[in-house]
Amino acid sequence: MPRSHGRSGYRWRKARATLMLEAPDVCWICGHSGGANEADHDPPLKQLEALGLDPCNPAYLRRAHGTWYRCPTCGRACNQSKGDRELPPPPRASRAW
(Lines give C-alpha, C1' and ligand atoms only; values in the text may rest on other atoms or scores of the structure.)
Protein backbone atom coordinates (compact mmCIF):
# COMPACT_ATOMS: atom_id res chain seq x y z
CA MET A 1 0.00 0.00 0.00
CA PRO A 2 1.40 3.45 -0.83
CA ARG A 3 2.51 5.75 1.96
CA SER A 4 -0.19 8.30 1.20
CA HIS A 5 -3.10 5.88 1.97
CA GLY A 6 -5.42 7.85 -0.30
CA ARG A 7 -4.17 11.26 0.81
CA SER A 8 -3.42 12.33 -2.73
CA GLY A 9 -5.44 13.06 -5.79
CA TYR A 10 -8.42 15.25 -6.44
CA ARG A 11 -10.71 13.96 -3.65
CA TRP A 12 -8.06 14.52 -0.97
CA ARG A 13 -7.14 17.99 -2.24
CA LYS A 14 -10.83 18.96 -2.34
CA ALA A 15 -11.48 17.66 1.21
CA ARG A 16 -8.41 19.45 2.56
CA ALA A 17 -9.33 22.69 0.78
CA THR A 18 -12.87 22.48 2.21
CA LEU A 19 -11.44 22.03 5.70
CA MET A 20 -9.08 24.99 5.34
CA LEU A 21 -11.89 27.26 4.13
CA GLU A 22 -14.58 26.27 6.62
CA ALA A 23 -12.79 25.39 9.87
CA PRO A 24 -11.31 28.10 12.11
CA ASP A 25 -7.51 28.40 12.18
CA VAL A 26 -7.20 26.65 15.55
CA CYS A 27 -5.24 23.44 16.08
CA TRP A 28 -7.55 20.80 17.54
CA ILE A 29 -4.62 19.11 19.32
CA CYS A 30 -2.97 21.97 21.25
CA GLY A 31 -5.82 24.50 21.00
CA HIS A 32 -3.58 27.36 19.84
CA SER A 33 -4.57 29.55 16.90
CA GLY A 34 -2.49 30.53 13.89
CA GLY A 35 -0.68 28.34 11.38
CA ALA A 36 -2.83 25.20 11.71
CA ASN A 37 -2.39 24.37 8.03
CA GLU A 38 -2.44 20.57 8.04
CA ALA A 39 -5.38 18.18 7.92
CA ASP A 40 -5.45 15.54 10.65
CA HIS A 41 -7.81 12.58 10.78
CA ASP A 42 -10.14 12.26 13.78
CA PRO A 43 -10.52 9.33 14.43
CA PRO A 44 -7.07 8.15 13.26
CA LEU A 45 -6.71 6.96 9.68
CA LYS A 46 -6.22 3.31 10.68
CA GLN A 47 -9.54 3.31 12.54
CA LEU A 48 -11.34 4.96 9.62
CA GLU A 49 -10.01 2.33 7.23
CA ALA A 50 -10.87 -0.52 9.63
CA LEU A 51 -14.44 0.77 9.88
CA GLY A 52 -14.70 1.15 6.11
CA LEU A 53 -15.19 4.94 6.34
CA ASP A 54 -13.95 7.42 3.74
CA PRO A 55 -10.75 9.16 4.95
CA CYS A 56 -11.39 11.96 2.42
CA ASN A 57 -14.66 12.95 4.09
CA PRO A 58 -14.17 16.45 5.58
CA ALA A 59 -16.28 15.39 8.59
CA TYR A 60 -13.31 13.26 9.75
CA LEU A 61 -10.69 15.98 9.28
CA ARG A 62 -9.44 18.58 11.77
CA ARG A 63 -6.92 21.39 11.43
CA ALA A 64 -3.55 20.87 13.13
CA HIS A 65 -0.03 22.27 13.24
CA GLY A 66 2.56 20.18 11.47
CA THR A 67 6.15 19.90 10.33
CA TRP A 68 6.08 22.86 7.95
CA TYR A 69 3.86 25.05 10.13
CA ARG A 70 4.75 24.44 13.76
CA CYS A 71 2.66 26.01 16.50
CA PRO A 72 3.79 29.62 17.04
CA THR A 73 2.89 29.35 20.76
CA CYS A 74 4.22 25.98 21.92
CA GLY A 75 6.49 25.11 18.95
CA ARG A 76 5.06 21.60 18.52
CA ALA A 77 4.42 19.78 15.27
CA CYS A 78 1.12 18.61 16.74
CA ASN A 79 0.00 16.36 13.87
CA GLN A 80 3.30 14.47 13.83
CA SER A 81 3.45 14.16 17.62
CA LYS A 82 -0.03 12.60 17.57
CA GLY A 83 0.81 10.21 14.75
CA ASP A 84 -1.76 7.49 14.10
CA ARG A 85 -2.84 7.29 17.75
CA GLU A 86 -5.68 8.84 19.67
CA LEU A 87 -5.22 12.40 20.89
CA PRO A 88 -2.26 12.54 23.33
CA PRO A 89 -2.55 14.29 26.69
CA PRO A 90 -1.72 18.02 26.66
CA PRO A 91 1.93 18.96 27.27
CA ARG A 92 2.85 19.19 30.92
CA ALA A 93 3.65 22.57 32.40
CA SER A 94 6.62 23.14 34.67
CA ARG A 95 4.24 23.15 37.65
CA ALA A 96 0.59 22.59 38.42
CA TRP A 97 -1.23 25.91 38.11
Side-chain angles (χ1 to χ4, degrees):
M1 184 178 302
R3 242 182 96 177
S4 65
H5 295 283
R7 293 176 307 233
S8 63
Y10 175 74
R11 289 180 58 239
W12 171 252
R13 287 192 310 270
K14 185 176 178 182
R16 186 183 179 285
T18 300
L19 174 72
M20 296 301 152
L21 286 174
E22 295 177 358
D25 187 16
V26 176
C27 177
W28 80 282
I29 297 172
C30 70
H32 298 136
S33 62
N37 292 330
E38 288 197 8
D40 184 32
H41 290 93
D42 178 34
L45 183 59
K46 284 183 180 180
Q47 288 181 10
L48 288 172
E49 290 174 344
L51 295 171
L53 300 173
D54 181 16
C56 291
N57 185 340
Y60 302 123
L61 299 176
R62 306 283 181 264
R63 289 181 81 142
H65 296 111
T67 303
W68 297 104
Y69 302 100
R70 290 181 174 265
C71 177
T73 305
C74 63
R76 291 174 61 193
C78 302
N79 195 8
Q80 282 68 26
S81 67
K82 177 183 160 283
D84 65 351
R85 299 173 298 278
E86 293 290 330
L87 186 63
R92 292 177 29 190
S94 58
R95 57 179 86 152
W97 295 98

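Note that the structure is predicted; figures quoted are calculated from it, not measured.
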### Message
Taking side chain to side chain contact (heavy atoms under 4.5 Å, CB included) as the definition, give me every residue that meets it alongside Arg13, ordered by chain and number, with sequence neighbours left out.
### Response
Tyr10
### Query
Among all residues two or more places apart in sequence or in another chain, which pass the side chain to side chain contact (heavy atoms under 4.5 Å, CB included) test with Thr73?
His32, Cys71
Which residues satisfy the side-chain hydrogen bond (donor to acceptor under 3.5 Å, both in side chains) test with [X], sequence neighbours excluded?
| X | result |
| --- | --- |
| Asp40 | Trp28, Lys82 |
| Arg70 | none |
| Lys14 | none |
| Asn57 | none |

So which atom in [X] and which in [Y] form the shortest heavy-atom distance, rounded to 0.1 Å?
| X | Y | answer |
| --- | --- | --- |
| Ala15 | Cys56 | CB-O, 2.9 Å |
| Asn79 | Ala39 | ND2-O, 3.6 Å |
| Cys30 | Arg76 | CB-NH1, 4.4 Å |

### Message
Taking transitive links into account, so neighbours of neighbours count too, which hydrophobic residues share a cluster with Tyr69 at under 4.5 Å side-chain distance?
### Response
Trp68
### Query
In the hydrophobic cluster built from side-chain contacts under 4.5 Å, what are the other members alongside Leu51?
Leu48, Leu53, Tyr60
### Query
Can you pull the salt bridge (charged side-chain N to carboxylate O under 4.0 Å, His left out) pairs that have at least one residue in residues 15-37, sequence neighbours excluded?
Asp25-Arg63
### Query
Under the salt bridge (charged side-chain N to carboxylate O under 4.0 Å, His left out) rule, what pairs show up with a residue in residues 50-62, not counting sequence neighbours?
Arg11-Asp54, Asp42-Arg62
### Query
Would a 4.5 Å heavy-atom cut-off, applied to side chains only, mark Pro72 and His65 as touching?
yes
